[in-house]
Amino acid sequence: MLKGKIALVTGATSGIGKATAEVFAKNGLKVIICGRRQEKLEEVANYLKSFTEVKTLQFDVRNQQDVKASIDSLEGEWKNIDILVNNAGNAHGLDPIQTGKISDWDAMIDINVKGLLYVSECVIPSMTARYTGHIVNIGSIAGKQVYANGNVYCASKFAVDALTQGMRIDLNHYGIRVTQIAPGLVETEFSVVRFKGDEEKAKKVYQGYEPLKAEDIADSIWYAVNAPKHVQIADLVILPTAQAAATIVNRKS
Ligand code: NDP
Ligand code: 8X3
């Protein structure tokens, strides 16, 4: 059903975005992969090209002008994006609010919230004009429950939850489906970024239980986009079996 459709995935240089682009490519969708790291984009694109047609767009979602110029540079059929996966994002720091860093707060609001809006603003017009499309926003369990020291990251993901609902309401008339996927603990580069390159600290987040893999989330995204056209998966919370809530994890060691 989706063979030949065009999907744009932000944050496709690693983790959930990369795994999602791979599932799409293997199922015959044409993919536009986005991220800041050009060498990673090329590496992923070279791999995906054995399955499908691929375009790369290199931009920082914080830079509205670059986002617009990049997406506007798409030509011909590539302009008609059928599926947008707003995945680019990260946590920066894990500090209590009283000692949090402004630069971390700015990064999380600018990337996770404003970046998602900047990309959506460029893609939505071609969907409304065609009365079709599917937007998948990657939220988090952190957008459902606030946890200690999560403050601004949680706020950014609560914003994704609200924006997903808002998009679904405003785009309802156009037949555009809007889905939120809200994962719990997924082992990716996420914690390395959160802890600013401290690999040891990052590794501990995923020890003593089996965390989700990026591929598990990619599968759920595929389930949502591949559902029959009259079915709109609105919101999926996906946790490792060992995780009961944001900070309740059954660790064996
Ligand atoms: P990764 O760190 O592995 O991937 C993050 C991706 O986002 C990378 O491809 C990165 O690419 C891109 N990115 C980050 N900042 C920017 C930016 N300023 N401009 C453009 N692209 C950017 O983490 P995940 O795969 O885990 O994270 C993907 C999404 O899933 C995020 O929104 C995250 O909040 C969410 N999530 C993750 C969970 C987890 O436990 N891992 C759980 C719940 C939600 P590049 O560096 O090349 O720009
Ligand atoms: C990522 C999962 O629990 O670190 O969104 O917030 S968590």
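Ligands are counted one by one from 1 in listed order, and the atoms in each one are counted from 1 as well.
- For K157, the closest heavy-atom approach to ligand 1 falls below 4.0 Å.
- Taking every heavy atom of both residues into account, F59 and R36 meet most closely at O-CG, 3.6 Å.
- The existence of a salt bridge linking D72 and K79 is excluded, since no basic side-chain nitrogen approaches an acidic carboxylate oxygen closer than 4.0 Å.
- Assignment of C34 to the shell around ligand 1 is not supported, since no heavy atom sits closer than 4.0 Å.
- At a cut-off of 3.5 Å, with distance as the only test, a side-chain donor of T164 or N137 sits close to an acceptor on the other residue.
- In this structure, the protein non-hydrogen atom closest to atom 24 (P) of ligand 1 is T188 OG1, 3.4 Å.
- Every atom of ligand 1 with a heavy atom of G11 under 4.0 Å away is listed here by number and element: 6 (C), 7 (O), 8 (C), 9 (O), 12 (C).
- Taking all heavy atoms of T13, I16, T10 into account, the minimum distance to atom 47 (O) of ligand 1 is reached by T13.
- Here NZ of K252 is found 16.0 Å from CD of Q207. Values are rounded to the nearest 0.5 Å.
- Remark: of the listed residues T56, T52, I6, V23, T52 is the sole one forming a side chain to side chain contact (heavy atoms under 4.5 Å, CB included) with V31.
- Of all atoms in ligand 1, numbered sequentially from 1 with element shown, those under 4.0 Å from a heavy atom of G15 are 3 (O), 25 (O).
- Protein heavy atom nearest atom 4 (O) of ligand 1, with residue, atom name and distance: S14 OG, 3.1 Å.
- Remark: distances from the non-hydrogen atoms of R194 to ligand 2 include one below 4.0 Å.
- Between Q243 and ligand 2, a contact under 3.5 Å exists for no N or O pair.
- Taking 4.0 Å as the cut-off between side-chain N and carboxylate O, E22 and K26 count as a salt-bridged pair.
- In this structure, R37 pairs ionically with E189, as a charged nitrogen and a carboxylate oxygen lie closer than 4.0 Å.
- In this structure, G184 counts as a contact residue of ligand 1, since one of its heavy atoms falls inside 4.0 Å of the ligand.
- Contact annotation: A214 has no heavy atom less than 4.0 Å from any atom of ligand 1.
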